[in-house]
Chemist: 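Shown below is the structure under consideration.
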Amino acid sequence: MVEDCLFCKIVHGEIPSEFLYEDEECVVFRDINPHAPVHLLIVPKRHIRSINDLEHGDASLVGRMFLVAKKMAEAENINKSGYKVLFNVEKGGGQVIFHLHLHLIGGWDRK
Ligand code: AMP
Ligand code: ZN
């Protein structure tokens, strides 16, 4: 847990948020400022700043994040219509919360 990290506070329940999914390594909640009808964030419980800070031992965590994204796309019924998954990396890449998170964005044309 990193002090002053918003997503650490959410993960540890210090800021209330509704988790749509939780396992031992990550949680999923809705983006507070959605860019699409469905906009979820897949967030590891452990604080990792960005993709730049990933190490070899994190390979299974990152793989899990994509599998959770797939599961959530099915749960939100956007898997057939299609969606985007996206990591913003550091300021120039549009990252504003420096705790790793995978965006799952879609639902423009839910079928
Ligand atoms: P990024 O630009 O990749 O760092 O994305 C950070 C995302 O976190 C943005 O899409 C914000 O809308 C979202 N966000 C910021 N604060 C909260 C919050 N308290 N709960 C849920 N999402 C948040
Ligand atoms: Zn954090």
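Order of appearance sets the numbers: ligands from 1, and atoms from 1 within every ligand.
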Chemist: With a 3.5 Å distance limit and no angle check, can you tell me whether E14 reaches the backbone of K9 through a side-chain donor-acceptor pair?
Modeler: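 Answer holds: no.
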Chemist: Look only at the side chain of E55 and the backbone of G57, and say whether a donor-acceptor pair between them is shorter than 3.5 Å.
Modeler: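 Flag not set: sc E55 to bb G57 has no pair under 3.5 Å.
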Chemist: Could you tell me how the ring of F29 sits relative to the ring of F7: parallel (under 30°), tilted (30 to 60°) or perpendicular (over 60°)?
Modeler: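 Geometry flag for F7 against F29: perpendicular rings.
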Chemist: Between F66 and I78, is there a shared hydrophobic cluster once you connect ILVMFWY residues whose side-chain heavy atoms come closer than 4.5 Å?
Modeler: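 Cluster IDs for F66 and I78 match.
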Chemist: Only one of R64, R49, R46 forms a salt bridge (Lys or Arg N to Asp or Glu O under 4.0 Å) with D58, so which one is it?
Modeler: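 Going through R64, R49, R46 one by one, the salt bridge (Lys or Arg N to Asp or Glu O under 4.0 Å) with D58 is satisfied by R46 alone.
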Chemist: Closest approach of D23 and K45, non-hydrogen atoms and distance?
Modeler: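 Minimum heavy-atom contact is O-NZ, 2.7 Å.
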Chemist: Report each N/O pair between ligand 1 and the protein that falls under 3.5 Å, naming both atoms.
Modeler:
from, atom 1, to, atom 2, distance (Å)
ligand 1, 2 (O), G94, O, 2.8
ligand 1, 2 (O), V96, N, 3.4
ligand 1, 3 (O), N88, ND2, 2.9
ligand 1, 3 (O), H101, NE2, 2.7
ligand 1, 3 (O), H103, NE2, 2.8
ligand 1, 4 (O), V96, N, 2.7
ligand 1, 4 (O), I97, N, 2.9
ligand 1, 4 (O), H101, NE2, 3.1
ligand 1, 5 (O), H101, NE2, 3.0
ligand 1, 5 (O), H103, NE2, 3.3
ligand 1, 10 (O), D31, OD1, 3.2
ligand 1, 10 (O), D31, OD2, 2.5
ligand 1, 12 (O), D31, OD1, 2.5
ligand 1, 22 (N), I32, N, 3.1

Chemist: Please find the N/O/S atom of H47 nearest to the Zn ion (ligand 2) and write down its name.
Modeler: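 That would be atom ND1.
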Chemist: Looking only at heavy atoms, which two atoms of P44 and L100 are closest? And how far apart?
Modeler: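 Taking P44 first and L100 second, the nearest heavy atoms are CD-O, 3.1 Å.
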Chemist: Checking one value in my table: which N/O/S atom of H99 lies closest to the Zn ion (ligand 2)?
Modeler: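 Considering only N, O and S atoms, H99 comes nearest to the Zn ion (ligand 2) through ND1.
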